[in-house]
Amino acid sequence: MCIKGQIGQICAKIGRNPSEITIVAVAKGRNAQQIQQVLEAGIKDIGENRVQEAADKYNQLHPLYHGREDIKWHMVGHLQTNKVKEAVKIFDLIHSVDSLRLAEEIDKQAAKINKVQDILLEVKTSAEESKYGFSPEEVAKSVKEIARLKNVSMQGLMTIAPLVDNPEKARPYFRMLRDLRDRINGLPTPGSRLPALSMGMTDDFAVAIEEGANIVRLGRAIFEG
Ligand SMILES: *Cc1c(COP(=O)(O)O)cnc(C)c1O
């Protein structure tokens with residue numbers, strides 16, 4: 001079944017409206033033609049994890065879809081500060097802001113092109129050392145600091161659940177992200193309303209949606225589905 005049908009079924013089961021869930025087609029390793037097929041099939045959000053790879057495909061596709069304001073580009077991979085200048089030119093939403101320093105660099109480069117860059121803060125919900133992200137303990141404080149930056153706009157939180165053999169085991173990490181989001185939204189920090197929860201990939205998106213995801217990042221489910 002197509003991905004929208006699957007998400008529709010999951011939502012029906014738990015009483016959510018599928019229209020509140022953005023499907024990001026994560027296109028790393030796929031070519032511009034494959035992305036074009038996905039766009040023709042009605043998915044409007046494209047995710048990439050490397051700036052240079054994204055730029056190559058963006059430059060091929062952007063002229064074809066010029067004027068299509070509904071097509072959005074998402075950065076989901078680790079972003080190095082020396083790539084920020086290029087990234088702010090391409091991406092509508094950067095999911096992977098994992099340090100104050102990176103947020104400051106995005107603020108600086110976005111200001112130069114008169115943009116307010118939408119971002120998510122990546123949270124390291126599991127203790128796996130290979131992963132980037134704010135610790136759950138520090139994220140509320142970082143929200144306060146980043147809220148002061150004029151050319152970034154925080155939209156929410158993102159996490160990558162650990163690789164597990166059963167998607168049920170990813171549930172606590174998704175729940176932790178939602179709880180963190182709800183707690184931050186309860187704080188009196190101006191400019192820190194965080195509606196977005198970017199969580200769930202091909203193997204665990206059903207559980208993520210049950211736990212409140214409103215952005216899912218799907219690679220294999222879309223390109224190999
Ligand atoms: C590759 C990737 C995805 C998509 O992975 P699939 O398991 O193929 O759905 C999602 N998020 C990030 C950060 C990724 O790097």
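Read the numbers this way: they start at 1 and go in the same order the structure lists the ligands and their atoms. Below, all heavy atoms of this structure are taken into account, side chains as well, without hydrogens, waters or symmetry copies. Keep in mind the model is a prediction, meaning the values are calculated, not measured.
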A.B. asks: Inspect the contact between E104 and R148 and indicate whether a charged nitrogen and a carboxylate oxygen are less than 4.0 angstrom apart.
C.D. replies: no

A.B. asks: Describe, in one word, how the ring planes of H78 and Y132 are oriented to each other, choosing from parallel (under 30°), tilted (30 to 60°) and perpendicular (over 60°).
C.D. replies: parallel

A.B. asks: Among the clusters formed by ILVMFWY side chains lying less than 4.5 Å apart, do M75 and M158 turn up in the same one?
C.D. replies: no

A.B. asks: List in chain and number order the residues that pass side chain to side chain donor-acceptor pair (under 3.5 Å) with D70, two or more places apart in sequence or in another chain; answer none if no residue qualifies.
C.D. replies: R68

A.B. asks: Considering only heavy atoms, which protein residues lie less than 4.0 Å from any atom of ligand 1?
C.D. replies: V26, K28, V76, I160, M201, T202, R217, L218, G219, R220

A.B. asks: Considering all heavy atoms of both residues, which atom of V88 and which atom of K115 are nearest to each other, and what is their separation?
C.D. replies: O-NZ, 2.6 Å

A.B. asks: Are D56 and Q52 close enough, and set up right, to give a side chain to side chain donor-acceptor pair (under 3.5 Å), and what steps lead you there?
C.D. replies: CA-CA 6 Å; D56 291 344; Q52 189 52 56; 3.1 Å; yes

